[in-house]
Amino acid sequence: MPKAVVPVEKKPKAIQAAAQTGKNEKDKSFNPQVFEKKWQEKWEADKLYRAVIDHSKPKFYALTMLPYPSGDLHMGHWFPMTPSDARARFMRMKGYNVLFPMGFDAFGLPAENAAIKSGIHPMVRTRDNIVRMRAQLRSMGAMFDWDREAVSCEPEYYKWTEWFFIQLYKMGLAYRKMSPVDFCPNCNTTLAREQVWGDDRHCERCGTPVIKKDLDQWFFKTTQYADELLRFDELDWPERVKTLQTNWIDRSEGASVIFKTETGSHDVEIFTTRPDTLWGATFMVFSPEHPLVDEITTPENKAAVEEYKAQAARQSDIQRGAVDKEKTGVYTGGFAINPVNQARIPIWIADYVLMSYGTGAIMAVPAHDERDFAFAKKYDLPIVEVIRPEASPPSPLPMGEGRRGEGGELQEAYIGAGVMVNSGQFNDTKVNTEKGRKNPGISAVIDWLEQKGIGKESVNYRYRDWLISRQRYWGAPIPMIHCEVHGWNPVPEDQLPVLLPEDVEWKPTGESPLKLHPTWKNTTCPVCGEPATRETDTMDTFMCSSWYHLRYLSPHYDKGPFDPAEYDYWMPVDTYTGGIEHATMHLLYTRFFHKAMRDAGVVKGNEPMMQLRNQGMVLGEDGEKMSKSRGNVIAPDVLVKKYGADTVRAYMMFFARWEMGAPWDSQGIEGTARWMRRTWTLFTDQTPPGSVSDQTKRTLRRRVHQTLRKVTHDFENFEFNTIISSLMELMNEMYKARDAGAAGAPEWSEAQDYYLRMLAPVAPHIAEELWTNHLGKPYSIHQQQWPQFDETAAKEDVIELPVQINGKVRDRITVPAEAGEDEIKSAALASEIVQKYLEGREPKKVIVAKGRLVSLVV
RNA sequence: GCCGAAGUGGCGGAAUUGGCAGACGCGCACGACUCAAAAUCGUGUUCCCUACGGGAAUGAGGGUUCGAUUCCCUCCUUCGGCACCA
């Protein structure tokens with residue numbers, strides 16, 4: 001199609017000059033690096049994105065996970081942040097008063113490790129990095145409200161992190177305990193369970209396998225909220241995250257039962273999910289670390305028991321935890337009494353029983369538990385069947401269902417449904433495969449145990465309390481003081497913050513550098529005023545990030561962690577975006593934190609973040625995770641310099657499904673760059689109006705409104721890639737319409753107007769430049785409303801319907817969009833091609849799916 | 001072993017409720033412009049077949065249906081989480 005010829009004298013100056021030198025005119029005039037900077041400065045000067053309480057508008061709190069100030073903004077920041085920004089901008093145009101804040105999660109190891117190496121103070125380095133990253137963040141052209149920036153390592157912030165610790169302490173939710181904890185020998189600090197990952201139990205941060213240490217540490221009682229954390233009914237969160245959190249907490253229902261030891265007659269509580277199999281308990285197994293082991297061990301077994309304990313202690317958790325490892329154990333010589341039938345059963349110790357789950361002791365029912373079965377076989381312990389499959393007494397059973405040998409003895413544990421046998425008055429009680437109270441056998445036995453006072457219904461969790469002590473300097477101090485006489489007491493709140501000392505020697509010793517400081521830890525007891533010492537460990541940085549969304553509300557407020565008026569207006573967070581890797585860490589901690597503070601009366605509502613969406617990851621071009629060592633890192637700064645921020649933003653939204661992520665494709669970005677240039681050309685080339693058909697105008701308007709419907713829908717649903725394709729399609733349509741002479745028509749003006757407003761959230765700079773400077777519309781496009789959708793305009797006049805004969809498309813017919821079923825039917829039958837395929841036969845069936853297709857069956 | 005997610009052209013991906021599979025873009029091919037190249041613009045691009053026509057195809061196999069990428073069953077592959085959890 002011939003392009004409209006533009007007379008040279010009508011072209012703007014820059015283009016004219018370019019045309020005269022014979023150079024490419026568009027490239028010369030399209031210079032995003034210049035206008036992007038210009039608009040960023042103007043928006044900033046005009047305070048365009050300040051979010052101020054305005055009760056006349058509905059509020060919208062859009063939050064995206066804050067970065068650690070590593071000093072460089074990378075793809076891992078751009079990919080979540082720019083689409084989140086586009087959506088926040090969209091909500092703003094939809095009429096919401098939008099808060100979209102940004103800050104820095106500024107405590108943490110890298111700054112401290114750098115200090116150890118270089119001697120540069122973490123505060124100095126962190127502040128430098130923040131200055132640098134702030135500038136990089138601004139280059140995105142995001143609508144961050146920088147007046148609300150919060151930085152977690154500043155005393156005005158961590159004062160309140162400490163304050164929150166004290167509130168938790170006052171509620172009895174913070175406690176100190178000596179226990180075996182996970183310690184990362186590389187990071188030189190303890191870690192919470194959530195921060196130990198993978199089969200080899202490595203440190204989430206640095207990948208080093210962790211070791212166990214017995215240490216006195218501070219914990220938060222997250223387990224107190226386990227049941228509530230399992231409830232997600234108020235939340236619009238991805239199923240994936242809910243599943244990960246549910247599995248992590250891993251609630252299991254059953255009963256606790258008291259067994260008595262023969263020697264000393266101690267009560268030994270055990271937890272079981274199968275109280276219906278109590279009569280089949282033929283021995284007990286204690287964890288080697290169980291406190292009663294020494295007492296019940298008889299002199300003749302002492303040596304073997306001691307050796308086994310020592311060996312178990314030497315083994316790492318990984319070795320002990322290997323599933324395929326053969327079960328080992330030793331007999332203690334002691335006995336326990338099974339409370340349901342008074343049977344005298346031997347007590348063994350074995351490392352397959354873990355001190356960290358349940359009570360560290362189990363009843364072993366070899367007939368109905370695979371692990372107990374293997375153990376009983378190996379050590380020749382008795383196996384008593386107490387559940388029998390109902391319908392099939394002697395017939396051979398399939399694998400995994402309690403196969404029997406020739407003598408009828410079990411060859412493997414039976415874990416299926418059946419009836420209870422060998423169980424006294426419970427014989428013939430039905431047992432199904434449900435857990436807890438849903439299982440009639442279990443339910444009946446629990447009732448009976450409770451009645452007899454030997455057991456009760458009980459729930460166990462895999463979830464552990466949150467270990468928050470870190471033996472590092474660069475974190476919020478734990479505001480506790482220890483006195484010889486009065487024990488641990490919190491620092492009085494009017495003395496907060498407990499400031500980090502500046503003159504510290506950083507040494508990776510495994511103990512906090514604060515401990516090595518000559519004077520810092522010396523203080524006085526808040527109870528008696530006598531000399532006392534401060535806690536020298538600092539808090540896990542996940543404590544800082546548990547409440548940063550609250551500090552954004554009023555980052556400089558000094559009468560509390562946040563201004564209640566701001567809280568009441570903005571909270572809860574409406575949309576939260578970030579990576580899935582925090583599913584069982586930050587996202588679980590912050591929910592716990594919110595619930596605890598709700599119970600303290602500090603915050604309202606049950607949940608802090610109502611809607612959550614996770615983006616995927618941008619991989620290197622080789623399909624591997626981007627990392628310096630692999631050399632596959634793509635630097636956004638370089639791309640911004642080459643293409644401009646709008647192109648990079650658009651590509652972040654376009655190149656992959658956002659929730660999936662994909663490997664980087666450096667050729668692919670050329671596509672969005674081309675789109676930006678073509679958009680520029682569409683608006684800056686002056687095309688004289690021509691004579692244009694009503695049909696063309698009608699079609700253009702229809703496409704504009706159809707695109708609006710699609711783009712609106714996709715913004716609401718985080719389907720960013722199709723927003724871009726729809727806009728690309730509309731642009732292509734506009735080129736066609738312009739070539740058909742549409743320029744000058746009111747439909748053309750509307751198309752230009754709508755196109756730019758839809759483009760504004762995606763590519764804020766070019767949209768502003770074209771809107772303000774080329775269309776001469778009022779500054780700023782970012783203060784405009786989202787376009788008004790017109791259903792009538794979007795409607796099709798005529799539609800093309802495929803006609804299927806026996807499921808194959810044979811022809812297409814064109815009918816009015818409003819055509820009724822009969823009209824469509826006769827149009828289909830009137831088709832020559834259809835008649836050819838029918839070969840004179842009457843169709844058995846004619847299905848008309850209105851607006852979709854016609855299907856004929858012969 | 002258990003739980004979860006995902007498999008669509010050479011590639012990223014599209015397909016509101018079951019209704020024209022492959023939108024949009026990358027790449028590639030050809031053409032225009034150019035001395036030439038780049039850029040730009042235009043055309044084509046799932047595969048197969050002696051090809052103005054026909055057939056096959058959304059990881060594999062089966063089912064429901066006039067009709068399945070979409071719903072159901074079985075299996076395979078990849079990724080993620082948990083794992084001697086009593």
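Since the model is a prediction, treat every value here as computed from it, not as a measurement. Just so we're on the same page: letters track the sequence lines, and every chain starts at 1.
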Kindly label the base of B:G27 as syn or anti, based on whether its glycosidic torsion lies within 90° of 0. anti

Report yes or no: is the cationic atom of [X] (NZ for Lys, CZ for Arg) closer than 6.0 Å to the six-membered ring centre of [Y], at no more than 45° off its axis?
{"X": "A:Arg613", "Y": "A:Trp237", "value": "no"}
{"X": "A:Lys327", "Y": "A:Tyr352", "value": "yes"}
{"X": "A:Arg462", "Y": "A:Tyr357", "value": "no"}

State whether [X] places a side-chain N or O below 4.0 Å from either non-bridging phosphate oxygen (OP1 or OP2) of [N].
{"X": "A:Lys808", "N": "B:A57", "result": "no"}
{"X": "A:Arg371", "N": "B:A86", "result": "no"}
{"X": "A:Arg251", "N": "B:C85", "result": "no"}
{"X": "A:Arg678", "N": "B:C41", "result": "yes"}
{"X": "A:Lys845", "N": "B:C66", "result": "yes"}
{"X": "A:Arg674", "N": "B:C26", "result": "yes"}
{"X": "A:Arg657", "N": "B:A14", "result": "yes"}
{"X": "A:Arg274", "N": "B:A86", "result": "no"}
{"X": "A:Lys625", "N": "B:G80", "result": "no"}

Whole Å only: how far is the CH2 atom of A:Trp675 from the P atom of B:C26?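 One finds 13 Å between P of B:C26 and CH2 of A:Trp675, rounded.
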
Grab the CD-C1' distance between A:Glu670 and B:U40 for me, whole Å please. 13 Å

Under the salt bridge (charged side-chain N to carboxylate O under 4.0 Å, His left out) test, which residues partner A:Glu624, sequence neighbours left out?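 For A:Glu624 the salt bridge (charged side-chain N to carboxylate O under 4.0 Å, His left out) partners, ignoring immediate neighbours, are A:Arg630.
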
Show the nearest heavy-atom pair for residues A:Met676 and A:Ile766, with the distance to one decimal. O-CD1, 3.6 Å

Measuring centre to centre across the rings, with the benzene-like ring taken for any Trp, is A:Phe654 within less than 6.0 Å of A:Phe720?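 Centroid separation for A:Phe654 and A:Phe720: 6.0 Å or greater.
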
Enumerate the residues from residues 722-732 of chain A whose closest heavy atom to RNA chain B is under 4.0 Å, giving them by residue number; use none for an empty result.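 When residues 722-732 of chain A is checked for heavy atoms under 4.0 Å from RNA chain B, the hits, listed by number, are A:Thr722, A:Ser725, A:Met728, A:Glu729, A:Asn732.
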
Here RNA chain B, pairs taken as Watson-Crick or G-U under 3.5 Å and shown with ( ), [ ] when crossing and | when to another strand, reads (((((((..(((......[....)))((((((.......))))))((((...))))..(((((..]....))))))))))))....

Determine the Euclidean distance between corresponding C1' atoms of B:U70 and B:U17; express it in Å to zero decimal places. 11 Å

Using the P atom on both, measure B:C2 against B:A14 and round to a whole Å. 31 Å

With a 4.0 Å cut-off on heavy atoms, is A:Phe654 in touch with a base, just the backbone sugar-phosphate, or nothing at all?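 Base contact - A:Phe654 has a heavy atom under 4.0 Å of at least one base atom.
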
Tell me, do A:Leu244 and A:Trp248 make a side-chain contact under 4.5 Å, heavy atoms counted?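 Side-chain contact under 4.5 Å: no.
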
What do you reckon, is NZ of A:Lys378 surrounded by more than 12 foreign heavy atoms closer than 6.0 Å?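 Atom NZ in A:Lys378 is crowded, with more than 12 foreign heavy atoms closer than 6.0 Å.
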
Which class fits the ring pair A:Phe79 and A:Phe655: parallel under 30°, tilted 30 to 60°, perpendicular over 60°? perpendicular

